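These notes are about the structure you will find just below.
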Amino acid sequence: MDELGTEIRQDEAGLDAGTLAAFEWLVIALRRGELGREAAVAWEPLRAGDVESWPEDGAPRQRAFAALGEEALRRGEAASLVLAGGAGTRFGAAVKGLVPVLGGRTFLALKLEDARRAGAAAGRSVPVALMTSAATHDAIAATVAAEADVLLFRQRMLPRLTPALAPYRDAAGALSLAPAGHGDVFRALRESGVGAELARRGVRTLALSNVDNLAATLDPVALGAHRALGRAVTVEVTARRAPGGALDPGAAPVRVAGRVRLLEQVEPARHSLISTNTLWLDLRLVLARELPLPWRAVSKEVGGARVLQLEQIAAEITALVGEDGAPLLESAYLEVPREDPARSRFEPVKTRADLARVAARLRERLSH
């Protein structure tokens with residue numbers, strides 16, 4: 001990999017030796033055809049019982065889940081883990097978490113309000129761990145400087161590549177870096193020490209969600225369902241068809257080799273459920289070992305040029321298996337509401353065009 005070593009200085013754009021070594025290894029693998037898009041797998045449709053249904057309001061099952069979740073919050077055993085990194089390419093390079101949504105309140109402010117609300121109901125503070133990136137960290141750090149119980153950590157940045165797999169540079173000749181995908185959260189949580197700090201405080205469960213999904217709240221029912229299902233990971237899935245009628249792209253739960261996992265690249269019309277990228281995680285098991293998520297080469301457009309970004313995808317944690325073929329982390333699946341804005345747990349804002357629609361749907365709910 002000497003050619004890359006001569007093209008990129010170790011200290012260029014803040015790259016440390018470990019990151020540069022990882023990048024060089026990934027480019028070698030990419031040139032050999034050993035990584036790229038998700039490999040085709042033989043999958044089967046879901047069976048009855050593969051996905052836990054959301055309980056009806058007031059039903060005994062709903063009350064049981066709520067009681068489990070409320071107890072976990074009272075014990076200080078839950079924390080919010082918010083993905084607030086990325087590069088904001090679909091938001092005009094803005095720091096998405098700091099974009100106003102309602103009455104001047106930003107995505108991030110509303111996420112922090114949710115944690116405070118859950119903490120007030122439980123009678124104790126709920127920590128919030130925020131994963132930032134080089135593109136978002138400084139602005140977010142300044143915003144939350146006065147907040148109690150907010151822990152920041154950063155995802156890794158890697159050089160972008162040209163279609164010929166050379167490091168991509170902008171018009172000024174500067175190396176162009178991109179975040180390593182939201183799947184980097186597991187490595188960053190462990191290596192930053194934030195995961196260990198949360199465990200030291202008694203946290204057992206993390207509620208991972210995107211900063212733009214304001215419906216993914218710290219609901220005791222969802223937390224209790226995760227505890228009751230008893231798996232290392234509980235994935236929230238929901239109807240793929242959006243309230244407006246469109247079929248959203250995204251990972252789907254399927255059966256592969258006799259067990260349920262998420263498959264990232266699917267034909268939307270063939271899968272009625274979609275992952276919301278809200279995951280309830282057993283912190284101890286997530287920290288117990290390195291989680292070798294595969295790397296994907298994702299095509300993007302930057303400055304009018306076509307580039308490749310090397311990324312890891314959080315959904316693929318459900319596909320990891322050991323040498324014996326057993327899953328590294330057992331997963332469960334919870335189907336959550338979407339149609340009714342008062343109960344929905346999936347209201348993504350991927351572009352600015354989505355913002356007004358989602359704000360209107362959630363206005364009454366977020367005004368309380």
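The shown structure was predicted, so the numbers you read here are calculated from the model rather than taken from an experiment.
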Can you sort out the partners of Trp54 under ring-ring contact (aromatic ring centres under 6.0 Å, His included), two or more places apart, ordered by chain and number?
-> none

For a side chain to side chain donor-acceptor pair (under 3.5 Å) with Ser176, tell me which candidate from Gln309, Arg169, Arg160 qualifies.
-> Arg160

Shortest non-hydrogen contact from Pro159 toward Leu15 | CG-CD1, 3.9 Å

Show the numbers, then the answer: is there a side chain to side chain contact (heavy atoms under 4.5 Å, CB included) between Arg75 and Arg204?
-> CA-CA 10 Å; Arg75 290 176 176 271; Arg204 292 176 51 198; over 6 Å; no

Under 3.5 Å donor-acceptor, Arg124 side chain and Gly119 backbone | no

Distance (rounded to the nearest 0.5 Å) between Arg306 CZ and Glu301 CD | 5.0 Å

Student check: side-chain heavy atoms of Val286 and Leu206 closer than 4.5 Å = no

Taking the side chain as C-beta and beyond, is there a heavy-atom pair between Arg261 and Pro327 under 4.5 Å?
-> no

Can Glu70 and Arg63 be said to form a salt bridge (Lys or Arg N to Asp or Glu O under 4.0 Å), step by step?
-> CA-CA 10 Å; Glu70 289 163 359; Arg63 293 198 300 270; over 6 Å; no

Going by atom type alone, with no hydrogens or angles, which donor-acceptor pairs under 3.5 Å involve a side-chain atom of residues 229-236 and a protein atom two or more places apart or on another chain?
{"residue": "Arg231", "atom": "NH1", "partner": "Ser331", "partner atom": "O", "Å": "2.9"}
{"residue": "Thr234", "atom": "OG1", "partner": "His226", "partner atom": "ND1", "Å": "2.7"}
{"residue": "Glu236", "atom": "OE1", "partner": "Arg345", "partner atom": "NE", "Å": "2.9"}
{"residue": "Glu236", "atom": "OE2", "partner": "Trp280", "partner atom": "NE1", "Å": "2.8"}
{"residue": "Glu236", "atom": "OE2", "partner": "Arg345", "partner atom": "NE", "Å": "3.2"}
{"residue": "Glu236", "atom": "OE2", "partner": "Arg345", "partner atom": "NH2", "Å": "2.9"}

Could you give the distance from CG (Leu81) to CG (Leu283), rounded to the nearest 0.5 Å?
-> 9.5 Å

So, the side chain of Thr132 versus the backbone of Thr136: is there a donor-acceptor pair under 3.5 Å, distance only?
-> no

Heavy-atom donor-acceptor pair, Arg240 side chain to His271 backbone, under 3.5 Å = yes

Note, Leu291 side chain near Arg187 side chain (heavy atom, < 4.5 Å) | no

same_hphob_cluster(Leu279, Leu83) at 4.5 Å side-chain heavy-atom cutoff | yes

Same cluster for Leu110 and Leu355 if Ile/Leu/Val/Met/Phe/Trp/Tyr side chains link at under 4.5 Å?
-> yes

Less than 4.5 Å apart, any side-chain heavy atom of Leu177 and any of Leu158?
-> no

salt_bridge(Glu52, Arg61) N-O dist < 4.0 Å | yes

Does Val101 reach the side chain of Thr106, with side-chain heavy atoms less than 4.5 Å apart?
-> no

Do NZ/NE/NH1/NH2 and the carboxylate oxygens of Arg255 and Asp50 come within less than 4.0 Å?
-> yes

Applying salt bridge (Lys or Arg N to Asp or Glu O under 4.0 Å) to Glu44 and not counting sequence neighbours gives Arg47

May I ask whether Leu247 and Trp43 are part of the same hydrophobic cluster, defined by side-chain heavy atoms of I, L, V, M, F, W, Y residues being less than 4.5 angstrom apart, directly or through others?
-> no

For Ala239 against Ile274, the heavy-atom pair lying closest together | O-CG2, 3.7 Å

Step by step, would you call Arg361 with Glu347 a side chain to side chain contact (heavy atoms under 4.5 Å, CB included)?
-> CA-CA 9 Å; Arg361 279 179 58 83; Glu347 299 289 336; 2.8 Å; yes

Hey, mind stepping through Arg363 and Leu102 against side chain to side chain contact (heavy atoms under 4.5 Å, CB included) and telling me if it holds?
-> CA-CA 7 Å; Arg363 185 176 306 278; Leu102 284 172; 3.2 Å; yes

Taking side chain as C-beta onward, heavy atoms only, is Val95 less than 4.5 Å from Phe107?
-> no

Are Arg154 and Glu191 within salt-bridge range, i.e. N to O under 4.0 Å?
-> no

Taking C-beta and beyond as the side chain, do Leu68 and Val221 meet within less than 4.5 Å on heavy atoms?
-> no

After noting the C-alpha distance and the side-chain angles of Arg357 and Asp354, does the key distance pass the salt bridge (Lys or Arg N to Asp or Glu O under 4.0 Å) rule?
-> CA-CA 6 Å; Arg357 174 184 55 79; Asp354 299 327; 3.5 Å; yes

Donor-acceptor pair, side chain of Asp184 and main chain of Arg156, under 3.5 angstrom = yes

Charged N-O contact under 4.0 Å between Glu311 and Arg296 = no

Under 4.5 Å between any side-chain heavy atoms of Val349 and Thr351, yes or no?
-> no

Heavy atoms of Leu262 and Ala251 approach each other most closely as CB-CB, 4.3 Å

Verify, without hydrogens or angle tests, whether Arg365 (side chain) and Ser344 (backbone) share a donor-acceptor contact under 3.5 angstrom.
-> yes

Mind checking the CG-CD spacing from Leu189 to Glu197? Nearest 0.5 Å is all I need.
-> 11.5 Å

Working to the nearest 0.5 Å, report the span between OG1 of Thr143 and CG of Leu108.
-> 7.0 Å

Donor-acceptor pair, side chain of Asn210 and main chain of Asp212, under 3.5 angstrom = no

Shortest non-hydrogen contact from Pro243 toward Glu339 = CA-OE1, 3.8 Å

Check: Val203 main-chain N/O paired with Glu77 side-chain donor or acceptor under 3.5 Å = no

Checking Arg105 side chain against Ala109 main chain: does a donor-acceptor pair fall under 3.5 Å?
-> no

Could you give the distance from CG (Leu285) to CG (Leu328), rounded to the nearest 0.5 Å?
-> 11.0 Å

Group every Ile, Leu, Val, Met, Phe, Trp and Tyr by side-chain heavy-atom contacts under 4.5 Å, then state whether Leu98 and Leu362 land in the same group.
-> yes

Verify same cluster id: Val211, Ile313 (apolar side-chain graph, 4.5 Å) | no

CZ/Phe186 to CG/Leu208 distance, rounded to the nearest 0.5 angstrom?
-> 6.0 Å

Minimal non-hydrogen separation, Met131 against Val185, with atom names | SD-CA, 3.4 Å

Residues Arg338, Asp248: salt bridge by 4.0 Å N-O rule | yes

Closest heavy-atom pair and its distance - Leu334, Ala225 = CD2-CB, 3.9 Å

Check whether any side-chain N or O of Asn277 sits under 3.5 Å from a backbone N or O of Ser209 as a donor-acceptor pair, and report yes or no.
-> no

Charged N-O contact under 4.0 Å between Asp114 and Lys111 | no

Main-chain N/O of Ala314 paired with His182 side-chain donor or acceptor, under 3.5 Å = yes

Evaluation steps, side chain to side chain contact (heavy atoms under 4.5 Å, CB included), between Leu112 and Val144 | CA-CA 9 Å; Leu112 296 178; Val144 302; 4.1 Å; yes

